[in-house]
Each structure stands twice: as C-alpha cells, then as structure tokens.
Amino acid sequence: MVNVAILGFGTVGSGVAEVLTTNGGLIDRRVDDLVRLKYIVDVRDFPDSPYKDLFVKDFAVIENDPELDIVVETIGGAKVALDFTIRALKAGKSVVTSNKELVATHGCELLRLARDNGCSYLFEASVGGGIPILRPLGSCLAANQLEQITGILNGTTNYILTRMIRAGLTFDQALAEAQANGYAEKDPTADVDGHDACRKICILASLAFGRHVHPDQVPTQGVRGVTLADADYAASADYKIKLLGRCLRRPEGKVCAFVAPHLVSGDNPLSGVEDVFNAIAVTGNAIGDVMFYGRGAGKLPTASAVVADVIDIAKDLKKDRHNGWEEGAPDLVVSADSLVSPWYVRAQISADQARQRFGEVQLLARGGAPAGETAFLTAPMTEPEIRGKLAGLEADSLFRVLA
Ligand code: HSE
C-alpha cells in the first residue's frame, strides 16, 4: 500500500483527490500496488465533501505517520508550502507539487534535500499544467544540447488575449471568465504581470541548462500594455500577440531568459495556441525543433500531471531520480541586448517620420485608427538599437517580433 496526503484542498488539490478516486483502479494496476489517499490537510472545514473523513488540520499528523509515503503540496506560495515541504522531505516523504513559485525560488535546495533524505521532489504540473514537458526534457531529449525554449506558459493571459480578440471582451471581463474557470492564480496579478510565466521559464531554464535560474534574474513584462489596437494592427499582417517566456543558451555556460509580449507570425505554430492552451517549443542540437501543446491550467489537467508524478514515485519509492540542477550565480543570466529581431512600434508619428528614424518599415493598418498614429514593423535589430532610434519619442507600444 502506498499512502498519499494532499496539502491544500483548492482547485488543484481537489482535482488530485478526484483523479486518484475516479481512476483508482487503473492507477493501482499501473503501480502494481494500492495507492490510497489517506489525509487531506486544510485549515478550512469541508463538511459536505465526499472526503470529509480524511481531513486533518495539523501537518504533524502527516509528518509523524510512518506509513505515509507521498505528500502532494497544492497549497501554493512560498511560505507555509516551503515549511511543509522541508518538513515532509526531512521526514523521508516524497513530495509532488504544482507550485511553480516554490520550485522557481527554492527548487535547487529542495531537490538536494530530497536526495539527502532518500526521497523525491517532483513537479511536472508546475509548468504547462497537464502538458508533459519536464520529464520529456530530462529523459526523451536527454541526448541533446538544448539551445532554446520558447513558451506560451500562462493559460490565464492566453485566455484573456484570445477572448479580447475573438469575443471583443474587455480585459476585466476576460479575466473574470478565466478566474471562474479556475485558471487564474489566487492573486491574478501574478498572471497578468508575467510573474507566473517567469517562474515557469525559470524552471525550464534550470532544467535545460543545469543551473538554478532565479525569478529575480529574469526581466519580466506582462500583458497590461497590450491593447486591442495593437492586436488589430498585428492581425492586419497575420500576427498574433502572445506573452512568451524565452530562454536561450549563451556562451560560457550563461543563460539569457526573459518574459514579454511578442508578435508571433501566423506561420509559427505558437500563433495558433489559443484560450487556456499552452505550448512550449524546444530546440535541441540533435532533434531540431519540437513542440509540446495542451491545457496549461485548470483543475483536472493540472491534477493529471500531479497524479502522474505520484504514480512515478509510487512505483519505486526509493529510486534516485537524478532530476536536480546545480546552484545558480548572480552572473549566470545575461541580458537579451544582443538578440536581433524585428520590432513592432505604435507611436504618434507620421509614416515619413517613421521611415526617417527606422529606415525601411512595414506599415500596418487598422480601421478607426486616430490621425497621427502609425504602427509598423522594423527591420531586425537589437533592443539597444531600437531604443536609440526611438530617442526622444515615447512609443505607445513596443514589442519584439519572434524571429
Ligand atoms: N495561473 C496559471 C495559468 C495556472 O494561468 O497558467 C497554471 O499554472
């Protein structure tokens, strides 16, 4: 018998209970043992829950139960969740989580703690919701030197951008829908301002390049600056605006990583990724380009990835999974200043002035554009170059085009 506890009975935690129960028979067959949900830890009361007999409020019950094998941490945040994770690992219990904030900020030390205590720390659900991405990176693509990863990593903002464009919803209406569907973080500013995508690209970069990339090191811009006017201009040239998390291998073991809205050409499969879906494009030196696609948020898709980790551990509780990475360093992450790409500019400027400043440009059009507003795509250049050409001119929007 393999005994499991869930910490935090919110959207993901309740989804994990549901998947463990609904698919219990097949999970037992796949593990070749009985996998049982023994406790749910939550400070709240759930008197009407079908699991009401499993609830406990005191984490010490889990910590001190010698028969408890796996802890599923779906509390979120990096405070209580960190304390409970450390205590669980020190007690020799493997921990599975969907908590990207905790993995992105403390992953390196928690992975080491797991190894030191003969147990595992797995977090497939922390990136891409239900999409298998972390395990494929570490196993199926293990033969490659990974060169870069580009992802639509936040379901809430992708949902918002899609609904604004397709249904003409306001930003707030689209956000309310995403929250009602259980996609958003407790505090949706983490989605909207790009912090959630930042944490996910940190986890991907740490795994891909082998050293801990910390969220504080990654320049992050969210979607608040994206307007329907920008979306219309972009659409006129068959581009979509997407919030991308990107990381690139750089010489001498350095990493470039950042999060920002980009224009993505209709020729690129990332442009067709809509609603809550996420996609992660990976480039390796043997495989070339490969893309992972699926539901990036939501109760059951996320629970699917969490329970897959539970199954992996339950099959062999003491296996050393070698899924760690090394410490980072203050100079590990380098700026994106040398990256060359076209740029999208919207500014109060005439087409002639745009040509004078930026050289040959591709002018964009939209119905109802106010007089004096011009939007265009530039030739490929670096960020310092485009900022130099903008000198003295405040662009209303400035987004990189995914090259
Ligand atoms: N708030 C996150 C998102 C949940 O919208 O992608 C999944 O990590």
Side-chain angles (χ1 to χ4, degrees), residues 1-24 27-28 31 33-103 105-107 109-126 186 299 302-319 321:
M1 172 104 71
V2 177
N3 288 306
V4 178
I6 297 173
L7 313 183
F9 199 61
T11 303
V12 180
S14 60
V16 171
E18 189 176 328
V19 173
L20 281 172
T21 309
T22 310
N23 294 345
I27 290 169
D28 289 349
V31 173
D33 201 343
L34 300 176
V35 178
R36 289 295 169 265
L37 180 56
K38 188 167 184 184
Y39 305 111
I40 301 173
V41 181
D42 202 297
V43 289
R44 299 165 295 176
D45 293 314
F46 295 88
D48 301 325
S49 166
Y51 310 103
K52 60 179 184 296
D53 297 336
L54 304 183
F55 280 90
V56 294
K57 289 191 171 22
D58 184 1
F59 178 70
V61 173
I62 277 80
E63 206 176 11
N64 296 325
D65 182 344
E67 291 178 351
L68 197 283
D69 305 291
I70 302 173
V71 173
V72 172
E73 183 271 298
T74 51
I75 300 170
K79 292 188 178 121
V80 178
L82 175 62
D83 178 39
F84 286 178
T85 300
I86 290 172
R87 287 166 60 185
L89 294 172
K90 282 188 172 166
K93 298 170 191 326
S94 289
V95 176
V96 171
T97 191
S98 56
N99 185 340
K100 49 260 158 175
E101 182 176 355
L102 194 57
V103 180
T105 48
H106 297 283
E109 69 200 68
L110 294 174
L111 283 158
R112 197 181 321 112
L113 193 59
R115 182 175 280 193
D116 290 348
N117 286 279
C119 50
S120 293
Y121 185 51
L122 295 185
F123 38 86
E124 181 62 59
S126 66
K186 273 184 208 148
K299 176 175 169 173
T302 309
S304 159
V306 171
V307 176
D309 280 346
V310 170
I311 291 171
D312 184 4
I313 293 171
K315 281 179 177 171
D316 186 348
L317 288 168
K318 291 295 162 204
K319 180 174 164 188
R321 290 177 167 77

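Between the CD atom in Glu124 and the OG atom in Ser304 there is a gap of 9.0 Å [rounded to 0.5 Å]. One distance of note links CD of Glu101 with NZ of Lys79; it measures 8.0 Å at 0.5 Å rounding. Expressed to the nearest 0.5 Å, how far CG of Asp42 lies from CG of Leu54 amounts to 12.5 Å. Atom CG in Asp316 sits 11.5 Å away from atom CG in Asp33 (nearest 0.5 Å). Separating the NZ atom in Lys186 from the CD1 atom in Ile75 is a distance of 8.0 Å, to the nearest 0.5 Å. Put simply, OG1 on Thr85 and NE2 on His106 are 10.0 Å apart, with the number rounded to the nearest 0.5 Å.
Side-chain contact of Glu73 with Asn99: a donor-acceptor pair under 3.5 Å is present, judged by distance alone.
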*Taking it one step at a time, do Val307 and Asn23 satisfy side-chain contact (heavy atoms from CB on, under 4.5 Å)?*
CA-CA 10 Å; Val307 176; Asn23 294 345; over 6 Å; no
*Please lay out, stage by stage, how Lys90 and Glu63 fare under the test salt bridge (charged side-chain N to carboxylate O under 4.0 Å, His left out).*
CA-CA 9 Å; Lys90 282 188 172 166; Glu63 206 176 11; over 6 Å; no
*Give the intermediate values and the outcome of side-chain contact (heavy atoms from CB on, under 4.5 Å) for residues Val2 and Leu34.*
CA-CA 6 Å; Val2 177; Leu34 300 176; over 6 Å; no
*asked:* Quick one, Glu18 with Lys299, criterion side-chain contact (heavy atoms from CB on, under 4.5 Å). Give me CA distance, side-chain angles, the key distance, then yes/no.
replied: CA-CA 10 Å; Glu18 189 176 328; Lys299 176 175 169 173; 3.3 Å; yes
*Could you walk me through whether Tyr39 and Asn3 pass the side chain to side chain donor-acceptor pair (under 3.5 Å) test, one step at a time?*
CA-CA 9 Å; Tyr39 305 111; Asn3 288 306; over 6 Å; no
*Show your reasoning for whether salt bridge (charged side-chain N to carboxylate O under 4.0 Å, His left out) applies to Asp83 and Arg87.*
CA-CA 6 Å; Asp83 178 39; Arg87 287 166 60 185; 3.5 Å; yes
*Step by step, would you call Lys38 with Asp65 a salt bridge (charged side-chain N to carboxylate O under 4.0 Å, His left out)?*
CA-CA 10 Å; Lys38 188 167 184 184; Asp65 182 344; 2.8 Å; yes
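Within the 3.5 Å criterion, the main-chain N or O of Leu113 finds a donor-acceptor partner in the side chain of Asn117. Between the side chain of Asp28 and the main chain of Val35, a donor-acceptor pair closer than 3.5 Å is present. Between the Lys319 side chain and the Ile313 main chain, no donor and acceptor come within less than 3.5 Å of each other. Judged by distance alone, with hydrogens and angles left aside, the side-chain atoms of Ser94 form a donor-acceptor pair with the main-chain N or O of Ser120 at under 3.5 Å.
When every heavy atom of Ile70 is checked against every heavy atom of Ala314, the shortest pair comes out as CD1-N, 3.9 Å. When all heavy atoms of Ala17 and Ile6 are compared, the closest pair comes out as N-CD1, 3.6 Å. Here the closest non-hydrogen pair linking Phe59 and Phe84 is CZ-O, 3.4 Å. When all heavy atoms of Phe123 and Asp309 are compared, the pair lying nearest together is N-OD2, 3.3 Å. Closest heavy-atom contact between Pro66 and Lys93: CA-NZ, 4.3 Å. Of all the heavy atoms in Leu89 and Leu110, the pair that sits closest is CD1-O, 3.5 Å.
Under the 4.5 Å side-chain criterion, counting only non-hydrogen atoms from C-beta, Val56 is in contact with Ile62.
Each of Leu122, Leu102, Val103 was checked for a side-chain contact (heavy atoms from CB on, under 4.5 Å) with Thr97, and the lone residue meeting it is Val103.
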Residues 7-14 side chain polar contacts: donor-acceptor under 3.5 Å, at least two apart:
| from | atom 1 | to | atom 2 | distance (Å) |
| --- | --- | --- | --- | --- |
| Ser14 | OG | Gly10 | O | 2.7 |
| Ser14 | OG | Thr11 | O | 3.1 |

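Salt-bridge annotation for Asp45 and Lys52: absent, with no side-chain N of the basic residue lying under 4.0 Å from a carboxylate O of the acidic one. Residues Lys318 and Asp69 are not paired through a salt bridge, judged by the lack of any N-O separation under 4.0 Å between the basic side chain and the carboxylate.
Remark: Arg115 pairs with Asp320, His322 by the side-chain contact (heavy atoms from CB on, under 4.5 Å) rule, at least two apart or across chains. By the ring-ring contact (aromatic ring centres under 6.0 Å, His included) test, Tyr51 is found to be paired with no residue, residues two or more places apart in sequence or in another chain being considered.
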